[in-house]
Number of protein chains: 2
Amino acid sequence: MAGAASDLKLLGVWTSPFVIRVRVALNLKGLAYEYVEEDLGNKSALLLRSNPVHKAVPVLLHAGRPVAESQVILQYIDEAWVGAALLPSEPYERAAARFWAAYVDDKVGAAWRGMLFACRSEEERAAAVARAREALATLEGAFRDCAGGGPFFGGDGIGLVDVVLGGYLGWFGAVDRITGRRLIDPDTMPLLAAWEQRFRANDAAKGVVPDDVDKVLAFLQTLLAIGSMK
Amino acid sequence: MAGAASDLKLLGVWTSPFVIRVRVALNLKGLAYEYVEEDLGNKSALLLRSNPVHKAVPVLLHAGRPVAESQVILQYIDEAWVGAALLPSEPYERAAARFWAAYVDDKVGAAWRGMLFACRSEEERAAAVARAREALATLEGAFRDCAGGGPFFGGDGIGLVDVVLGGYLGWFGAVDRITGRRLIDPDTMPLLAAWEQRFRANDAAKGVVPDDVDKVLAFLQTLLAIGSMK
């Protein structure tokens, strides 16, 4: 299938982990797309019409047909276009990738909300940070199995688990600043710390994974004022 | 791939929506498997070893290799064996099926917990029942689009959304008894009500979807005593 920019439109928010993972995946496939930044305080008619069930970003419009929910979009991209594969070809390895991708959104995603948006006190934030560290420590253990000696969860190349986890990195930097301590601590999570450097340096992630912590923290205030992360 | 019973073992709990959907999928593919009922109050060493991350059923062991998380297992079954397809072949239709399957576990699943396990008062139960009705009403609307005139969400045959939603039917019967009102109300949800009859009557679901409400309600008491649904 052709990937002309006019065929592909992505409705997103620049800090959203769910949007960032889709952008990295589109870049990996070498697909040109039109990116439309949404205002969560005043969502576009196109967004509301394209995702009436959740009214949330990201939405990928392919020749006008909307696909919503980031992990659904990622698998759609992988199945609709050839090129760098997000998922391996062998069924058991595909199941392992889907298992860990779900784990990231289940455990890391919940802790991410708790660290930044759902905490009503520093104690609640600290508890969420502890849950995030625990989940990341589990992923540190999973990395060896998934990567099989390669630089990414996907092995030699960036795969599903990489883009799903990588979408959170901009916010991890904000948490590091707030707490004064690295969430992906190189001393206790050397594999993940090295993975983060490789992921951020990859051409598909550059310019998409936020690296300006001040800007992310300023956007956090906007989001807290809106009272919505979606 | 061969589906000899010795190759396939499923660790489950007979009332679990997540286990039931896997059993229906295995039946649809015509795969023989050994079913092992777990005691959630005293989980087997095999379960704990096979799913150390979540320590939860279902786990499908294929030639000794474990696959966990029900929606991951369903896609594994679909990809590892030929036969009746749970997912359509066209990428956009696959995305739609994954979207609605995720919706079921997100909205219906949360309401299911709220109606039966997480409610501390009748008011809380009623609020969860209202959320379940709202989610089911959305699915009533989705059915027409997904089924395309066919008898199931999957079209002519049972597909991913069917098995995912169908796994909850035994518990819906229990909720009907508790509340004195049908959750899938034939008057307001005629498509889903007719779908339920077809799904329950299908050979793949018979004997797997619980139909003895008294037995389900008795099991509910066991689960509440254990304090765990996984």
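Just so you know, these numbers come straight off a predicted model, no measurement behind them. Order of the sequence lines fixes the chain letters, A, B, ..., with proteins taken first and strands second; residue numbering starts at 1 for each chain.
For Pro52(B), no part lies near chain A; criterion is any non-hydrogen pair under 4.5 Å. Both the backbone and the side chain of Tyr92(A) have a heavy atom closer than 4.5 Å to some heavy atom of chain B.
When Thr138(A), Val53(A), Val67(A) are compared by the number of non-hydrogen pairs under 4.5 Å with chain B, Val53(A) comes out ahead. When each of Arg98(B), Lys107(B), Gln75(B) is scored by its heavy-atom pairs under 4.5 Å with chain A, the top score falls to Arg98(B).
Contact annotation: the side chain of Gln71(B) never approaches that of Phe99(A) to less than 4.5 Å [non-hydrogen atoms, C-beta and beyond]. No side-chain heavy atom of Val72(A) sits under 4.5 Å from any side-chain heavy atom of Trp100(B).
Open room surrounds CG on Asp156(A); 12 or fewer heavy atoms of other groups in view lie less than 6.0 Å from it. When the shell of 6.0 Å around CD of Glu134(A) is examined, it contains 12 or fewer heavy atoms from other residues, nucleotides or ligands.
For the pair Arg94(B) and Tyr76(A), the cation does not sit on the ring face, since its NZ or CZ is not both under 6.0 Å from the ring centre and inside 45° of the axis.
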